[in-house]
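The model shown is predicted, which means the values in this text are computed figures rather than measured ones. Positions are given from 1 along the sequence. Atoms considered below: every heavy atom in the structure, side chains included; atoms not considered: hydrogens, waters and symmetry mates.
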Amino acid sequence: MLPAAANTDAALLPCISYPAFAVDDDALYSQTLDKIVRKLKGKYGFKRFLRDGYRTANEDKNRRYYRTAEMKLFDGIECEFPIFFIYMMIDGVFRGNTAQVKEYEELLQAIIFQSYEGHAVIPKYYHVPADFVEAEQKKHGSQKRFPSNSGRDGMLFLWGQALYNIAKLLVDGLISPKDIDPIHRHVPRQDQRNVSMRYSNQGPIENDVVIHVALIAESQRLQVFLNTYGIQTQTPQQVEPIQIWPQQELVKIYRILGKTVVCYPIVFDLSDFYLSQDVMLLIDDIKNALQFIKQCWKMPGRPLFLVLIREDNIKGSRFNPVLDMLASFKKGNIGGVKVHVDRLQTLISGAVVEQLDFLRVNEAEIPEFKSFEELELPKHSKVKRQTSTPNASDLEQQPEIDIDEWRNKPTHEILQKFNDCVCLASQAQLASVLLKKEGPDFFSNDEYLKTELERIYRRAGSRKLWMAVRCAAAATQKFASSIAPHITTLLVHGKQVTLGLFGHEEEVISNPLSPAVIKDIIYRKCSPHGEREAVLQQELVIHIGWIISNSPELFSGMLKIRIGWIIQAMKHELKIRAGDMPPQDIYQMSPSDVKQLLLDVLQPQQTGRSWLSRRQIDGSLNRTPLGFYDRVWQILERTSNGIVVGGLHLPQQPTLSDMTMYEMNFSLLVEHTLKNIVLPEYRQIIVELLMVVSLVLERNPELEFQEKVDLDHLVREAFSDFQRDRGRADVAQSQTEMEAFYNTPPLGKKGTSSYLTKAVMIQLLQGEVKPCKDDPCSVS
């Protein structure tokens, strides 16, 4: 979450160590600390970040911002801050690393000075004076730095003084780490059993948490049915006076005005999003939630998890997976998590209870538990009742109308067709057209249109008619509130997210946003071009958020997670699987099947695939090889006029002056330069071409480009050469002809790399060859 300009930042020290202790992954802590020390440590302290111009001699003191390309002026002369030596001393005390404490205490001793009263004074920073700047930039670390004066920075740097006092007290044993960490953000492993871990970022010693589980059946009819399989449950009525409410919280029990309220997890909330109506996904979500609780539970007492079983969950083919899960609960272990199932009234005695007596809740405001049947189809509904069958047929999934024919028809005709329709997918599409024409408050058949759409949405969810579900969800602008934290998860993993359809304008998200803003972006970017895409993209964000948390390696080489392009990759995969048959419609697939398809697409491409299909999928994923952005930087160093592709220009200057090779800003600039490419397989060829250009320049240091490197032109030249070898030089370039090129392996004789290399060499040799002292052609 650092600013994109910072490759790393010393501000991470107080984040990963005292006082925040925000990282509980030892490997991540060590990796971060190692990078901070390696990149930023100096003789006088740590640089805040590379090319930090703060208080340097080259900084314009009259401006509060830097101009384009100005950052290069500060390279090597950044101020060094002793305060970070102090942070390293304190970190060493907390970690029990006496060698680290001693090392930084000695470094600090050499750069502090004494006041007249004999007290140690910690300078705010050490800087390179103007007269020494040129020599320091020629050879980093060669010049002496001087402490900040007391003029504009005040008499004393109080932050540094306070931390120094804390560090000395710790080192001399006059205080203990517990004294400066009262809420136990950092707890040594050996002490974790003896303290409350509520506010700590660290989990208990290899977790022995047993999660208490109460199984709640939505009706007595379901309870009796499950009892025949040996599954004991309670109904909402049987747990009274305890009340069951829907909520956003996970495992807490609330006592409000003397009433005890338990809340079921959001994965069971039908009002949140339709993913909970896919049983296979629901089972995954339950397992993930239990794993999360196991890893993160730090409070005394046992966590309580309510499992809400609905009749809809056990219909048809959905029954066996649910029964297997319930059997695992009964055995006391599900997915490696220990659980204990009992009556809710029994479990409450050992649970954590939050007192919320400050709330003022009227009896009328207390929500009433509703079964799925009540939510789905009230008695007066005009929506046609349909008998339940185990699985929806392909015919039921497919709308019986061509929606494009109905968009401009008069309202009364659409209403007539809506009432005559027996297909829920068609009903959803027609209601969606009516919604756009007449608005949500349109009243017909004693019902508001928005109410009819809600009922279609729930009925289609019960029948697992996913085309109809997505159409109704998009029409009513359903939104999964959990998307915001999932997007933040992607950002924390160093990715950007783009929302919008493939082939249309996308919106880039590079900072955490509120759910309302994200919802606006999704519907604004997706609905005009394809309504169902607005909800499918929400599914993808949720799936990707889970996957990147558990298997981040699947996203290696992907800087931007372009949701619309990933959906395009999934559609490519469905075409490949179908062969000569019509491909499966992704909008008719269940959310769990969509998730599995996503996982399949993210796996490394199988070698048995054609090169065209591999490039289509890798290009759609925006996947790049290891070190790709570094190689583009190296190309720019040898290309004074920059790189051009798709009408966008990546200039050599001020790019190289304003950025460093490894920073995120440069990688994002490269991705921006590639954004006008609309064909995934062509994007992949451009990526391969850039790798070829880098390799050619690396092996031929005497060559450099005199003109702009026009990547589109180089591909055209390579393709023309490819056509000549095929005896088709007279055939005009077309998408069909290009497909033969895209389908050619990159390596080997007559591979795409050989044609691309030849085109690159021809352009290079048209320029000047730089002389060198060992030139074998030189006579004198």
Side-chain angles (χ1 to χ4, degrees), residues 1-3 5-6 8-23 29 32-33 35-37 39-56 59 61 64 74 77-95 97 100-128 145-172 174-183 185-186 199 201:
M1 298 302 287
L2 288 174
T8 192
D9 195 308
L12 285 171
L13 264 179
C15 295
I16 65 171
S17 185
Y18 174 81
F21 298 106
V23 173
Y29 158 81
T32 306
L33 187 66
K35 188 171 185 181
I36 293 169
V37 172
K39 295 273 187 183
L40 304 176
K41 181 183 174 185
K43 295 177 185 176
Y44 303 89
F46 282 37
K47 300 175 177 67
R48 297 193 310 174
F49 53 88
L50 298 177
R51 294 188 176 181
D52 174 18
Y54 177 78
R55 295 296 192 240
T56 61
E59 182 187 43
K61 308 302 186 293
R64 300 188 66 180
F74 315 126
I77 61 165
E78 304 94 335
C79 291
E80 295 179 359
F81 293 76
I83 190 173
F84 295 110
F85 283 173
I86 303 173
Y87 274 118
M88 291 297 288
M89 286 175 61
I90 296 174
D91 176 78
V93 172
F94 271 92
R95 308 279 175 184
N97 188 337
Q100 178 177 311
V101 174
K102 186 173 184 236
E103 175 190 356
Y104 285 94
E105 191 173 21
E106 289 175 356
L107 286 170
L108 190 64
Q109 202 60 41
I111 58 172
I112 61 177
F113 50 91
Q114 304 296 320
S115 70
Y116 292 116
E117 294 84 10
H119 297 295
V121 176
I122 311 297
K124 182 175 182 179
Y125 58 85
Y126 277 80
H127 66 286
V128 179
R145 279 174 163 78
F146 291 82
S148 52
N149 59 42
S150 59
R152 60 188 174 193
D153 293 305
M155 294 299 294
L156 283 174
F157 179 41
L158 295 181
W159 183 6
Q161 293 299 136
L163 271 182
Y164 178 74
N165 290 339
I166 289 172
K168 288 296 288 180
L169 288 168
L170 282 171
V171 171
D172 294 343
L174 298 173
I175 63 172
S176 75
K178 292 178 183 176
D179 294 322
I180 60 169
D181 182 25
I183 61 171
R185 288 292 297 162
H186 176 270
Y199 300 103
N201 73 316

Could you go through Leu50 and Phe74, starting from their C-alpha distance and side-chain angles, then the distance that decides it, and tell me whether this counts as side-chain contact (heavy atoms from CB on, under 4.5 Å)? CA-CA 8 Å; Leu50 298 177; Phe74 315 126; over 6 Å; no
Where Ile77 and Thr56 come nearest, the two heavy atoms and their spacing: O-CG2, 3.4 Å
Counting C-beta onward and ignoring hydrogens, is there a side-chain heavy-atom pair between Asn97 and Val101 closer than 4.5 Å? no
Show your working on side-chain contact (heavy atoms from CB on, under 4.5 Å) between Tyr18 and His186 and close with a plain yes or no. CA-CA 8 Å; Tyr18 174 81; His186 176 270; over 6 Å; no
Non-neighbouring partners of Asp91 that pass side chain to side chain donor-acceptor pair (under 3.5 Å), sequence neighbours left out: Ser17, Tyr29, Arg95, Gln100
Please give me the minimum heavy-atom distance between Ile86 and Ala167, naming the atom from each residue. CG2-CB, 3.8 Å
Which is it for Leu107 and Met88 under the side-chain contact (heavy atoms from CB on, under 4.5 Å) test, yes or no, and what are the steps along the way? CA-CA 11 Å; Leu107 286 170; Met88 291 297 288; over 6 Å; no
Quick one: closest heavy-atom pair of Ser148 and Lys124, and the distance? OG-N, 3.3 Å
In terms of heavy-atom contacts, Lys43 and Phe85 come closest through O-CE1, 3.8 Å
Less than 4.5 Å apart, side chain to side chain, heavy atoms only: is that true for Pro123 and Phe113? yes
With Ile180 as reference, evaluate Leu169, Val93, Ile175 under the side chain to side chain contact (heavy atoms under 4.5 Å, CB included) test and give the passing residue. Ile175
For the pair Thr32 and Val23, evaluate side-chain contact (heavy atoms from CB on, under 4.5 Å) and give the outcome as yes or no after the intermediate values. CA-CA 10 Å; Thr32 306; Val23 173; 6.0 Å; no
With salt bridge (Lys or Arg N to Asp or Glu O under 4.0 Å) as the rule and sequence neighbours excluded, what pairs involving residues 77-87 come up? Lys47-Glu80, Glu80-Arg145
Hey, does the Lys NZ or Arg CZ of Arg55 hover above the aromatic six-ring of Tyr125, less than 6.0 Å from the centre and inside 45° of the axis? no
Side-chain (Asp52) to main-chain (Tyr54) donor-acceptor, under 3.5 angstrom: yes
Using the ring pair (Phe, Tyr, Trp, His ring centres under 6.0 Å) criterion, which residues pair with Phe84? Sequence neighbours excluded. none
Value for OG (Ser176) from CZ (Phe94), rounded to nearest 0.5 Å, stands at 8.5 Å
If you take all heavy atoms of Phe21 and Arg185, which pair is closest and at what distance? O-NH2, 3.5 Å
So the salt bridge (Lys or Arg N to Asp or Glu O under 4.0 Å) pairs with at least one residue in residues 104-113 (sequence neighbours excluded) are Lys102-Glu106, Glu105-Lys168
Determine all donor-acceptor pairs shorter than 3.5 Å in which one atom belongs to a side chain in residues 157-165; sequence neighbours excluded.
from, atom 1, to, atom 2, distance (Å)
Trp159, NE1, Tyr87, OH, 3.3
Gln161, OE1, Ile122, N, 2.6
Gln161, NE2, Ala120, O, 3.1
Asn165, ND2, Gln161, O, 3.4

Calculate, to the nearest 0.5 Å, the distance between atoms OG1 and NZ belonging to Thr8 and Lys35 respectively. 5.5 Å
Tell me if a side-chain donor or acceptor on Tyr126 pairs with a main-chain N or O of Ile111 at a distance below 3.5 Å. yes
Looking at every non-hydrogen atom in both residues, tell me the closest pair between Leu40 and Phe49 and how far apart they are. CD2-CA, 3.8 Å
